[in-house]
Amino acid sequence: MIYKDFNIFSAATSALGELGKTGDWRDLKPIIDYGKCIPVVKDKPSCFLCWLYCPEGVVSSSSPPRIDYDYCKGCGICAEECPAKAITMVEESK
Amino acid sequence: MGYDIVWHGRGGQGVVVAAHILAQAAYLEGFGGITSAPQFGPERRGAPLTASTRISSTTIRTVSQVQKADIAVVLDPSLMRIINIAATLNDGGLIVINTNLQPHDFPAYAEYAVATCDALHIANGCGLLKDGSAVVNAPMVGALARASGIISLSSLEKVFTERFKGVLASVNLMAVNEAYVATILKKRGE
Amino acid sequence: MSKAIIMTGNSAAALAAKMCRIQVVAAYPITPQTSITEAISNYVESGELKAEYVRVESEHSALTVCIAASTVGARAFTSTSSHGLLYMHEQVHWAAGSRLPIVMCCVNRGVGAPWSIFNDQQDSVSQRDTGWIQLYCRDNQEIIDTVIQAYKIAEAVSVPVMVCYDGFVLSHTMMPVVVPMQEQVDAFLPPLKTSGHLDTANPRNINPVVFPWRRADSQGVMRDGYMEIRYKLHSALNDARGVITQVNGEYARVFGRDHGGLLWDYNANAAEILIVAMGSIASESMPAIDSLRAQGINVGLIGVRAFRPFPKLEVREKLAGAKAIIVLEKAISYGHDGALACELKAALYGSAVRVPFHSYVAGLGGRDVNAKEIEAAITDSLKQIAEGNLEPPTHWLNCRTE
């Protein structure tokens with residue numbers, strides 16, 4: 001290979017926040033009520049539908065689940081999918 | 001020094017293979033320039049088709065279709081009723097026909113050298129069959145060798161031995177040899 | 001001297017691909033290309049070639065498979081013709097843009113409508129601006145040698161190579177071909193020791209959306225914008241001129257056959273009239289030139305092997321002494337001129353070569369072009385030039401034009 005330039009085609013290393021902190025795109029903020037959240041209530045790893053459905057991958061599959069608000073865009077899919085209705089979208093004061 | 005040979009047959013008769021075998025034998029014979037081509041286009045079983053072989057002592061640069069041949073080899077004599085093969089032959093050319101007739105039975109070709117060989121009979125006799133049908137291309141290559149003198153029987157034998165193994169090789173060789181012996185040649189004006 | 005084997009152009013291409021030890025093959029049948037991949041599938045089936053043969057439902061998928069394979073560092077091969085090439089057009093761009101050293105044989109065939117299965121070069125010529133290197137072959141020996149050279153070139157400059165040759169005229173015509181020794185091919189073309197663009201130790205996202213501007217990625221590395229990536233592709237094709245010449249020279253030293261790097265010539269030194277052609281029509285012109293020279297006409301031939309990158313300076317040099325130029329070609333840029341004629345005229349602009357220029361479009365859709373017709377065309381052009389018709393519109397050879 002005479003081409004030592006590794007940058008001859010388009011490539012990117014996968015990394016958190018390629019486009020900066022996208023959390024500030026958010027209008028509504030998902031808040032988890034751990035009193036209703038299934039893994040917390042049952043005290044064992046279960047459900048995690050919020051983690052599964054989040055298109056941004058900002059929800060952790062831990063108990064309790066945690067949302068990385070630095071990058072959550074507030075789409076509301078987690079609230080829609082939560083079978084226990086544990087997540088509500090609340091207005092944020094900016 | 002060169003020869004243009006056109007093979008007339010029908011799809012499935014092994015016209016392209018015959019042209020290829022001639023090309024290989026000519027190469028063994030020491031000719032440096034050889035091309036062998038089917039008539040370009042779709043191939044259909046039973047439809048009339050041609051293949052051509054160009055043989056030359058020097059490298060052949062031309063890849064266009066043969067317009068006029070020095071030798072025409074007719075694998076299926078019924079084609080002579082629908083194709084004017086004389087019109088595709090150079091003056092003084094040779095026509096080699098698979099037929100049970102004799103050269104003098106083709107008065108329309110009096111201006112040409114005519115060779116005949118009953119390849120169908122030979123193939124059947126030798127058991128040279130494919131899917132139940134006689135294979136006439138191999139004996140007709142033998143007939144061409146005899147009538148034209150361009151390639152020797154020994155070169156042909158080498159090609160067949162390389163191409164086929166076992167019984168298939170011996171059956172083919174038997175048919176080629178029989179055809180070589182049985183071919184009747186009438187020179188122009190004879 | 002190795003023994004020659006009488007074989008078709010397609011057999012030569014398949015054998016060359018096998019000798020290059022290709023690792024992944026994907027192709028879809030189309031006349032007149034099909035017998036290449038038939039032969040390769042036989043090699044794979046018999047175990048002669050250890051390669052992954054991926055069956056696909058279209059040419060678009062065939063090239064996509066090659067792109068995926070090449071992305072992880074496999075030596076990939078495909079072949080197609082005409083509508084197959086056009087159906088994969090999107091991926092033809094994608095392969096070049098991804099800088100993948102894929103080799104594809106394009107067995108040249110006319111393009112519909114109307115349907116034709118016969119030969120001309122409109123298919124590959126219409127892919128001129130996809131960023132592929134395009135090499136055109138004049139005979140079956142050149143096909144086997146060019147496929148082997150193509151991998152060496154492609155892997156040196158990270159640009160895919162299209163090896164183009166005329167359908168039926170070469171693909172289905174048998175001629176003696178000297179087959180190189182496998183050990184020599186192995187030494188000439190060592191295995192591709194690369195993980196390609198992807199590496200499990202260093203995971204990356206390939207071909208994400210690129211912005212018009214350059215920008216720093218999340219790790220602070222400056223990444224190119226679209227134009228920089230395009231400029232690098234353009235530069236690579238420009239650099240490929242030297243590489244094609246060098247690889248041809250190396251091949252000639254090892255294997256004893258020199259097909260010319262970017263172009264070749266026949267009786268061109270000190271010739272006053274120069275014929276320029278590409279592919280089998282160039283070969284067909286050689287007997288015409290012999291015949292004309294026997295009549296005392298000082299005519300020679302330039303065969304263009306590399307259409308992309310176009311050998312601009314080399315063409316200028318070869319044509320420097322010409323008193324007239326006549327182009328013969330099997331493709332047309334509708335509404336302008338023959339495709340090769342356009343390139344030649346552009347290459348000559350600003351040079352000292354300002355001479356009568358005739359161009360012929362010939363053999364479209366498989367219309368036979370023979371040496372006698374070429375000879376007559378050249379004779380006619382010379383007569384026209386003598387009468388002052390110095391740069392007429394493209395002639396259509398052997399075509400009813402009223």
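A note on names: the letters A, B, ... follow the listed sequences, proteins ahead of strands, and every chain is numbered from 1.
In this structure, B:Arg61 does not pair ionically with C:Asp290, as no charged nitrogen and carboxylate oxygen lie closer than 4.0 Å.
Contact of C:Val369 with chain B is made through the backbone alone, with heavy-atom distances under 4.5 Å. Both the backbone and the side chain of C:Ser280 come within contact range of chain B, with heavy atoms under 4.5 Å apart. C:Leu170 touches chain B through its side chain: at least one heavy atom from C-beta onward sits under 4.5 Å away, while N, CA, C and O do not. Proximity to chain B (any heavy atom under 4.5 Å) is restricted, for C:Asp139, to the side chain, taken from C-beta onward.
The environment of B:Lys68 atom NZ is dense: over 12 non-hydrogen atoms of other residues, nucleotides or ligands sit within 6.0 angstrom. For C:Arg293, the CZ atom is densely surrounded, since the number of other residues' heavy atoms within 6.0 Å is greater than 12. With a 6.0 Å radius and a threshold of 12 heavy atoms from other residues, nucleotides or ligands, B:Asn84 has its CG atom above the threshold. In C:His83, the NE2 atom is crowded: over 12 heavy atoms of neighbouring residues, nucleotides or ligands sit closer than 6.0 Å. Residue C:Tyr43 places its OH atom among more than 12 non-hydrogen atoms of other residues, nucleotides or ligands, all under 6.0 Å distant. Counted within 6.0 Å of CD on C:Gln295, heavy atoms from surrounding residues, nucleotides or ligands total more than 12; the atom is thus considered enclosed.
For the atom pair CE (C:Met175) and OG1 (B:Thr59), the distance works out to 10.5 Å, reported to the nearest 0.5 Å. Taking CD1 from C:Ile6 and NE2 from B:His20, the interatomic distance works out to 6.5 Å, rounded to the nearest 0.5 Å. Here the straight-line distance linking atom CG of B:Leu22 with atom CE of C:Met174 works out to 11.5 Å at 0.5 Å rounding.
What you find for C:Pro176 and B:Ile34 is that their closest heavy atoms are CD-O, 3.1 Å. Nearest approach of B:Pro42 to C:Phe118, heavy atoms of both residues: CD-CZ, 4.4 Å. Across every non-hydrogen atom of B:Val63 and C:Glu284, the tightest pair is N-OE1, 2.5 Å. Considering every non-hydrogen atom in both B:Phe40 and C:Val169, the closest pair reads CZ-CA, 3.6 Å.
Judged purely by atom type and a 3.5 angstrom limit, C:Asp368 has no side-chain atom pairing as donor or acceptor with the backbone of B:Ser64. Of the possible donor and acceptor atoms, none in the side chain of C:His172 sits under 3.5 Å from a partner among the backbone N and O of B:Gly41.
When C:Ser283, C:Ala371, C:Gly363 are compared by the number of non-hydrogen pairs under 4.5 Å with chain B, C:Ser283 comes out ahead.
By a heavy-atom distance cut of under 4.5 Å, B:Glu162 are the residues of residues 160-171 of chain B near chain C, going up by number.
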